[in-house]
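Only this structure's heavy atoms are used, side chains among them; waters, hydrogens and symmetry mates stay out. Numbered from 1 within each chain, the chains take letters A, B, ... in sequence-line order. Here the structure is a predicted model, which is why all the values come from computation and not from measurement.
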Amino acid sequence: MSEFLFIAGAALAIVGGLLAVVARNLFHASLGLAMTLTGTAGLFIPLAGELIAVVQILVYLGATAISIIFILMLSPPFYLKRPNRNAMKVVGAIGVVLIFAVPLMRAVMSVSASDPLNHVAPTVNQIGRALLTEFVFPLKLFPFS
Amino acid sequence: MSIFDILLRIVLAFTAVITFVTLNALFLVWLERKVSAVIQNRMGPTEVGPFGLLQTFADALKLLGKEMITPKSVDQYVFLLAPIIAFLPAPLLIAAIPIAEGVGVSDLNVGALYLLAISNIALLGILMAGWSSNNKYSLLGALRAVAQNISYEIPMLLAVLAVVLMAGSLKLSEIVKAQETIPYILLQPVAFLIYFICSIAESNRTPFDLPEAESELVAGYHTEFTGMRFALFFLAEYTQVFVLAAIVTLFFLGGWNGPLLHPIVWFMLKTYLVVFVVMWLRWTYPRLRSDQLMNFNWRVLLPLAIVNLLVSTVLFRGTVG
């Protein structure tokens, strides 16, 4: 069951992410972003982090709605002609992806493989306590990053 | 549990939830028409079935038989998806509401937050509907809906937080258990008022029905939708009304606690009483202006909610383990 949830969440996140980058219509791109955020929220559920999953939907999906409003104000209507793809932008995008992907891959490879799906499930109480005692500094620092 | 058992549970839960969503919406539409009729000195539906009870069934069949028109210049995929996304939260919300001790599809550890988070998804559906329709009235309606929902969510969350603080749990059944002696409407009257007002605003009903104000915007975001696609928006709206009443019952009215009657009966009685009050408000008050709506939220409800949370933190400190 948890494998199924993981695969569904990951698929949603990847497809949404691709849509967010590839779509030429800004509105579609932001819907892709919403999809990715929902997918990543789904990834927390098999990891026993329901609290984080729910907070992610509550905070980030609301934020996507706001971003869509800005898109509506700042972009031309969809029935007008769309601008053509720019080869330089595509090359730039691949470059940026590589810059972030290589260190990330190295980091992931260096972690010894364990099975997080079978760990003991922490309760909401424990997570809340940990966030406001042990991890209070990272929690307060995180919104600024 | 074998994979077959899991599948069976999913199918059963899904059937139960969808049946409830449909029947509840059919009943609430009938109730709304009867309540408005009584308030306006009319009869309401009387022809089909006893007291016109089957009128909405006939209407639903008519909607199912209607053609689903897709206007030429809409954004096809988003237009198709919008009613589905708007309807999606309805079954998800019903599934997380316990109607008595241990009765319900699922009683989550983070139930209170889950209900508030999932009802957010409908907003995305409304935005998609408004934008993809390629119609200025739809877009205006959707923009109003977002402005309203995002603003009223903040005092709503703060009000819920005060209740969660007192109960010491996000689990709905434990919040109800904490009210066995005194319902929270007596201990948290301000939070109750704030939550009730905000949740009516979130469900886009009068006096907060600016997103679908028919005298200004035709029908707002669902102007271009016909047949079953329109019905999905309708189902979503009436399920949201039920859910808001159920949350008020769970958080403030003591849930299924009550003497003599069966807990499920108590829960349903309280919930439909709140639904009736919501309808009563709709047929009594006129629509607010957009600036009144925003002023009321940011200058009255939000400070009140913050003060209420502060006071409850001081008063009830130490009661939470």
Segment of B/Ile150 engaging chain A (4.5 angstrom heavy-atom cut-off): side chain
A/Val59 portion near chain B, given a 4.5 angstrom heavy-atom threshold: neither
Nearest non-hydrogen partners of B/Val78 and A/His28, listed with the distance: CG2-NE2, 3.5 Å
Under 4.5 Å from a heavy atom of chain A, the part of B/Leu124 involved: side chain
Contact class of B/Leu81 relative to chain A, heavy atoms under 4.5 angstrom: neither
Which portion of B/Leu157 sits near chain A, non-hydrogen atoms under 4.5 angstrom: side chain
Pairwise distance CH2(B/Trp131) to CG(A/Leu31) - rounded to 0.5 angstrom: 8.0 Å
Side chain / backbone / both / neither for B/Leu113 at chain A, heavy atoms under 4.5 Å: both
Reported OH-to-CD1 distance for the pair B/Tyr114 and A/Ile57, which is rounded to 0.5 angstrom: 8.0 Å
Residue pair B/Leu123 / A/Leu61, side-chain heavy-atom distance below 4.5 Å: no
Over 12 foreign heavy atoms within 6.0 Å of OH, B/Tyr137: no
side-chain contact (heavy atoms from CB on, under 4.5 Å) assessment of A/Leu51 paired with B/Leu170: CA-CA 10 Å; A/Leu51 181 72; B/Leu170 286 168; 3.9 Å; yes
Approximate separation, where rounding is to 0.5 Å, of A/Tyr60 OH and B/Asn120 CG: 14.0 Å
